[in-house]
Visitor: 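Mind looking over this structure? Questions follow.
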Amino acid sequence: MTRHFLEVDDLSADEIVAVLDASERSAYPALLAGKGVGLIFEKPSLRTRNSCEMAVVQLGGHPVFITDAEAGLDRRESVEDITRVIEGYFSVIAARVFEHRKLERMAAVSTVPIVNLLSDDGHPVQALADLLTIRQHFGRLENVSIAWLGDFSNVARSLSIAAMMLGMHMKVSTPPGYGPTAQDMERFAGLAKQGATFEVCETVGDAVKQVDVVSTDAWYSMGQEEEKTKRGDAMRPYRVDATVMGQADPDGIFLHCLPAHRGEEVTSEVLDSPQSRAFQQAHNRMHTFRGLLTWLCE
């Protein structure tokens with residue numbers, strides 16, 4: 001059966017750890033020598049494109065960046081027809097899309113692995129980088145506590161899935177209407193390893209008290225620009241500043257998937273502080289994509 005990676009739980013807990021271990025290898029196998037990886041981008045990205053291209057190169061392969069104008073999923077051709085064509089060129093197809101359903105349709109017809117580089121539902125490759133960053137700091141994942149503040153975004157959803165699978169503790173504080181759905185909560189409960197906990201907190205203070213990790217995301221994503229003012233008004237009380245970080249564990253760290261809107265969801269004082277691991281986290285995007293490709297192709 002072809003392996004796909006559309007969300008974190010396409011891996012088992014042991015496989016997540018194996019991907020993280022592969023991400024930290026000092027010597028890279030030439031698994032993709034003479035092979036290509038197609039990178040389809042409906043949505044542009046600094047970190048995703050560059051980290052993925054370099055990960056492919058490090059494994060001896062050739063990355064091909066495919067713009068939305070060139071692919072035109074369901075505009076120039078159907079998702080299925082595009083997938084059937086380019087699977088003849090590439091050993092892996094990775095796509096950054098708006099609608100998650102497009103990835104599912106690709107996986108349904110593809111004979112090569114399909115990887116979710118981001119959809120409106122989830123961002124599993126980011127979750128892998130988050131996990132590696134946390135493990136590098138604490139030396140473990142089990143029993144690490146994470147507070148997520150602000151919009152419960154696609155990034156938050158994938159991180160929560162991973163946290164539940166690995167026996168971590170997730171605490172979420174969001175404005176009304178921006179939190180996890182009932183479907184999310186049911187999914188997290190079904191995935192939770194013994195000892196894992198997921199808690200929706202009424203206040204920021206409840207969420208961050210003595211936690212190991214404080215994480216957040218931009219208040220609005222690509223395609224939500226028209227909601228900037230509305231979202232800003234709702235999210236402002238959830239900004240991560242020095243006072244918020246001061247309530248976390250003294251050895252706690254700050255994570256942000258970037259790009260950050262300084263002064264909105266996080267202050268520069270926090271983003272540039274010794275507690276911030278946001279840039280290490282960004283660098284780990286390359287390492288974990290390389291580890292994921294290793295798991296997919298070995």
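Atom set for the values below is all heavy atoms of this structure, side chains included, hydrogens, waters and symmetry mates excluded.
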Visitor: Assess, by modelled atom type and distance only, whether the side chains of Ser173 and Glu202 contain a donor and an acceptor separated by less than 3.5 Å.
Guide: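 No, Glu202 and Ser173 have no side-chain donor paired with an acceptor closer than 3.5 Å.
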Visitor: Is there a salt bridge (Lys or Arg N to Asp or Glu O under 4.0 Å) between Asp74 and Arg105? Walk through the geometry before answering.
Guide: CA-CA 11 Å; Asp74 282 339; Arg105 289 165 58 198; 2.7 Å; yes
Visitor: Can you tell if the side chain of Val17 reaches within under 4.5 Å of the side chain of Leu166, non-hydrogen atoms only?
Guide: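 With C-beta onward as the side chain, the pair touches.
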Visitor: Does the distance from a Lys or Arg side-chain N to an Asp or Glu carboxylate O, for Lys171 and Asp206, drop under 4.0 Å?
Guide: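 No, no charged N to carboxylate O under 4.0 Å.
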Visitor: Does Val240 form a side-chain contact (heavy atoms from CB on, under 4.5 Å) with Thr267? I'd like the steps, not just the answer.
Guide: CA-CA 7 Å; Val240 182; Thr267 62; over 6 Å; no
Visitor: Output the distance between atom NE2 (His283) and atom OG (Ser51), rounded to the nearest 0.5 Å.
Guide: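 Output value for this atom pair is 10.5 Å.
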Visitor: Looking at Asp184 and Arg157, is any side-chain nitrogen of the basic one under 4.0 Å from a carboxylate oxygen of the acidic one?
Guide: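 Here Arg157 pairs with Asp184 in a salt bridge, since their nearest N and O are under 4.0 Å apart.
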Visitor: Would you say the side-chain atoms of Arg277 pair up with the backbone N or O of Leu255, donor to acceptor, closer than 3.5 Å?
Guide: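 Answer holds: no.
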Visitor: Quick one: do the Gln281 and Asp130 side chains pair a donor with an acceptor below 3.5 Å?
Guide: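 A donor-acceptor contact under 3.5 Å links the two side chains.
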Visitor: Which is it for Arg3 and Asp10 under the salt bridge (Lys or Arg N to Asp or Glu O under 4.0 Å) test, yes or no, and what are the steps along the way?
Guide: CA-CA 8 Å; Arg3 291 171 164 176; Asp10 283 333; over 6 Å; no
Visitor: Is a side-chain donor or acceptor of Asn284 paired with a backbone partner of His287 at a separation under 3.5 angstrom?
Guide: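 It does not hold such a pair.
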Visitor: Compute both the distance and the angle, then confirm whether Arg49 meets the cation-pi test with Phe41: under 6.0 Å from the six-membered ring centre, within 45 degrees of the axis.
Guide: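 Pair Arg49/Phe41 does not count as cation-pi.
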Visitor: If the threshold is 4.0 Å, N to carboxylate O, is there a salt bridge linking Arg101 and Asp121?
Guide: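 Looking at Asp121 together with Arg101, the answer is no, because their closest N to O distance does not fall below 4.0 Å.
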Visitor: Are Thr111 and Glu87 linked by a side-chain donor-acceptor pair shorter than 3.5 Å?
Guide: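 A pair is found: one side chain offers a donor N or O, the other an acceptor, under 3.5 Å apart.
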Visitor: Ignoring hydrogens and geometry, is there a side-chain-to-backbone donor-acceptor pair from Ser276 to Asp272 under 3.5 Å?
Guide: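 Here the side-chain-to-backbone pair does not exist.
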Visitor: If only side-chain N and O atoms count, and only distance matters, is there a donor-acceptor pair under 3.5 Å linking Glu24 with Gln136?
Guide: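 Glu24 and Gln136 do have a side-chain donor-acceptor pair below 3.5 Å.
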Visitor: Do we see a donor-acceptor contact under 3.5 Å between the side chains of Glu70 and Thr67?
Guide: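 Note: Glu70 and Thr67 side chains meet the donor-acceptor criterion.
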Visitor: Begin from the C-alpha positions of Lys102 and Glu42 and carry the test salt bridge (Lys or Arg N to Asp or Glu O under 4.0 Å) through to its verdict.
Guide: CA-CA 11 Å; Lys102 288 180 179 177; Glu42 276 194 324; 2.7 Å; yes
Visitor: Just by modelled atom types, is the Leu258 backbone N or O under 3.5 Å from a matching donor or acceptor in the His256 side chain?
Guide: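 A pair under 3.5 Å: yes.
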Visitor: Between the side chains of Thr48 and Arg285, does any donor sit under 3.5 Å from an acceptor?
Guide: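 Present: a donor and an acceptor within the cut-off.
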Visitor: Does either side chain, that of Asp217 or that of Ser153, offer a donor lying less than 3.5 Å from an acceptor on the other one?
Guide: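 Judged by distance alone, the side chains do pair up.
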Visitor: Would you say Cys297 and Val92 make side-chain contact, with heavy atoms under 4.5 Å?
Guide: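 Yes. Closest side-chain heavy atoms under 4.5 Å.
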Visitor: To the nearest 0.5 Å, tell me how far Met235 CE sits from Thr216 OG1.
Guide: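 Answer rounded to 0.5 Å: 8.5 Å.
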Visitor: Go through it in stages, so that I can follow the logic: the residues are Ile66 and Phe90, the test is side-chain contact (heavy atoms from CB on, under 4.5 Å), and I'd like the CA-CA distance, side-chain angles, deciding distance and then a yes or no.
Guide: CA-CA 12 Å; Ile66 304 167; Phe90 301 121; 4.1 Å; yes
Visitor: Look at Arg25 together with Glu298 and state whether they make a salt bridge at an N to O cut-off of under 4.0 Å.
Guide: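 A salt bridge links Arg25 with Glu298.
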Visitor: Got a salt bridge between Lys43 and Asp68, using NZ or NE/NH1/NH2 to carboxylate O under 4.0 Å?
Guide: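 No, this pair does not count.
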Visitor: With a 4.5 Å heavy-atom cut-off, do Val266 and Arg239 have their side chains touching?
Guide: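 They are not in side-chain contact.
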Visitor: Under a 3.5 Å cutoff, is there a donor and acceptor pairing between the side chains of His100 and Ser119?
Guide: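 Per modelled atom types, His100 and Ser119 side chains form a pair under 3.5 Å.
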Visitor: Going by atom types only, do His169 and Thr197 share a side-chain donor-acceptor pair under 3.5 Å?
Guide: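 His169 vs Thr197: donor-acceptor pair found between side chains.
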Visitor: Would you compute the distance between atom CG of Leu117 and atom CZ of Phe5 and round it to the nearest 0.5 angstrom?
Guide: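 Between atom CG of Leu117 and atom CZ of Phe5 there are 10.0 Å.
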Visitor: Assess the pair Phe152 and Tyr178: is the distance between their ring centroids shorter than 6.0 Å?
Guide: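 Ring centres of Tyr178 and Phe152 not closer than 6.0 Å.
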Visitor: Could you go through Lys230 and Asp233, starting from their C-alpha distance and side-chain angles, then the distance that decides it, and tell me whether this counts as salt bridge (Lys or Arg N to Asp or Glu O under 4.0 Å)?
Guide: CA-CA 5 Å; Lys230 176 186 173 184; Asp233 291 342; over 6 Å; no
